[in-house]
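Computed from a prediction, not measured in an experiment: that's the story for all the values here. Just so you know, ligand 1 is whichever comes first in the structure, and atom 1 is the first atom listed for that ligand.
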Amino acid sequence: MQIYRAHWLAPLFHHPFLATELRTDGLLLHLKGERHRLGWDELTAAPVWLTGPLFCRLRLHCTQGGIELDWLPKPQSKRLALAITQGWYRHHLSRVEPLAESCLALLEQGYLRQSRWFKLKAQAEAELSRWRRPPAEGVLEDKQRAAFELIYTLARADDDWRQARLQEYTEQALARFSGLFDSLEAHPLTGRQRLACVTDEDHNLVLAGAGCGKTSVMVARAAFLLASAQAEPDQLLMLAFGTEAAAEMNERLTALAATREVKVSTFHALGLMIVARVEGQAPALSPLAQDEALRQARLAGWLAELCTDKDYLERLLSWLSRQQGKPVLAPEPGQLAREWAPLVAALKVYGEPEPGRLTPSQAGQLGLVRPLLARYREELTAAGHIDFDDMIARATDYVQAGRFEVPWRHILVDEFQDISRPRAELLKALRDAAPGLSLFCVGDDWQAIYRFSGADVGLTTGFADYFGATAITCLDKTFRFNNRIEAVASRFVTRNPAQLAKRLSTHSRTEAPCVHVLPCANRPEAQQALLLRLLGQIASRSPEARVYLLARFRFSLPDQQRLAELRQAYPGLRLSALTLHGAKGKEADAVVILGLTRGRYGFPAEQAGQELLELLLPESESFAHAEERRLLYVGLTRAREQVCLLADDQQPSAFVNELLDGSYQGISRWG
Ligand SMILES: Nc1ncnc2c1ncn2[C@@H]1O[C@H](COP(=O)(O)OP(=O)(O)OP(=O)(O)O)[C@@H](O)[C@H]1O
């Protein structure tokens, strides 16, 4: 215990201050006739040393005001100032040291995510408010002073400081893992692809055009997280849109030894797993949920049954007559079921719109669809079954209620543009249940083709508004198709001004037109004959080419027998027939698009009576056939080299007419 006394002259001049005693918990001031205890927390700053002609003073800033220790001989006052300063800073050290350590650990975790940054800043600012500036050199040991300096720097750092740290981290990560990015795939990744892989904000969105290597980036990101020890394999979850895409992703990951234990799942399989784990057994999924044809058949059956009610039948016929502008005498339950199936599904997920928003025709249709949904629900309840929407909703509830322990630290989502709100809610719930979990989503708003089944592209275009702090990386170089296909496809899709503007560059270039329009009679035999000729030409140039026959509706594709005939004629070609929705995410050397005709089941499908569905679905679209347009974009961009459009020679699709209107370059017309 040290005592620092004022000069013996002080009492003679009636000065009350006699001595200062340094204690572990603060100061004991000896005043004339009393003693005053001053805890370290009562001091709000280090003492200020003031010199005078004969004596020196120390000014103490305390919570209750200023105190001056006067009449101190110079050497004594200097030592006292240092001792008080040291005592005071050492008192704070008990908090500052562990805080600095935890801040350093956060900084060393890698990418300074916004959530970490806000946490660091808030803690550092609160701490700095207790001592305002770090100790001068010599007051404490260097290591102790460094702890104060770090907190001081963090509390005063602005976003530029954070950006500089992000830059440092990114450069280091890119340099350290350049070998991985060079060798992971058959081709070295581009700079943008690498950047997308190492960027690790709380939420990450990779926006890319078709063929820009989003799948390559998903795989490389997983490999990078493992190689950089930012995650163990079982802490990664990769979500793909469909089972086929999930299987392909799994295959590509399995090829990389370290990624074998990474979980690749569809949203449905994820929902199923969560529900099963919480309930102890897998939920009973309705066969209606798993089989679209069965669901439509059941809807058709219910419609037929409902039509035995005179009132329902009259309402239905009058609604159909108004729709078609001619008297309808008998309904076609099969066709109606096909057209109304998305309506029933949307009504179930999104509920009924406000009655005030409905036109009389929409209100009439709603009255006709409502009993179908009621029957669907009754069937599920009676069988004790749930459907996929129920499963995702139930899984979300369990995660929100803390009943499912989230093992993942990184969730990677492919084809994000086609996510629906309930699925996005599940992602949000998983994120909230696992602090520090980061989302990495790749998507292309130009390829959003599942709006009719509830997908909400607004979740991609408004990603940051929905999730929060987001780093967006854009991939704008396509490796799949050449400049000619790119020019046609990009111009076609951006005719809709609501699509986000982006410019794609292409890896390969050519001068010859690569999109061909082939007029064809709308008869299966005529189509088959033309296909045989066309495939012959493709095979003569490239005998083992992969060729996709694509169509808006399955029935526009060659049936099994005709397909077998085509395969037999050109056994070297790898020929597949797919719907345009089924071709999502795939690529072929040549693509042939069929069914380009007008009408209800043409392309674009001109289906009347969709206004109610429009109203139910999120993000209404005013541009005519906006989704059908994106669907043709998906079709055009599956091709590496050539796209052939088989157009109805009598009633060509409005899309074909547009492509031939002279404003597109790089389109050839045959015949
Ligand atoms: N850096 C690269 N260099 C060369 N080729 C690449 C590169 N990245 C991807 N590719 C190739 O480009 C093609 C398209 O890649 P991928 O299928 O991952 O694209 P995508 O963005 O998922 O396409 P889409 O959205 O149209 O399905 C593939 O053949 C892939 O091997």
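- With ligand atoms numbered from 1 in the order given, ligand 1 contributes 27 (O) to contacts under 4.0 Å with heavy atoms of Gly585.
- One finds a salt bridge joining Arg640 and Glu587 here, because a Lys/Arg side-chain nitrogen approaches an Asp/Glu carboxylate oxygen to under 4.0 Å.
- No salt bridge links Asp476 with Lys502; every basic N to acidic carboxylate O contact stays at or beyond 4.0 Å.
- The side chain of His187, and not its backbone, has at least one atom closer than 4.0 Å to an atom of ligand 1 (non-hydrogen atoms only; side chain from C-beta on).
- Using a 4.0 Å cutoff on heavy atoms, Arg638 counts as a contact of ligand 1.
- Look at Gly211 and you'll find a heavy atom under 4.0 Å from some atom of ligand 1.
- Within ligand 1, the atoms closer than 4.0 Å to a non-hydrogen atom of Pro188 are 1 (N), 2 (C), 3 (N), numbered from 1 in the order shown.
- Considering backbone and side-chain atoms alike, Arg640 places every N or O at 3.5 Å or more from each N or O of ligand 1.
- Listed by atom number, the atoms of ligand 1 under 4.0 Å from Ser216 heavy atoms are 8 (N), 9 (C), 18 (O).
- With a 4.0 Å cut-off on non-hydrogen atoms, His507 does not touch ligand 1 at all.
- When non-hydrogen atoms are compared, ligand 1 lies under 4.0 Å from neither the backbone nor the side chain of Glu185.
- Annotation: Gln665, atom CD; neighbour count of heavy atoms from other residues, nucleotides and ligands within 6.0 Å does not exceed 12.
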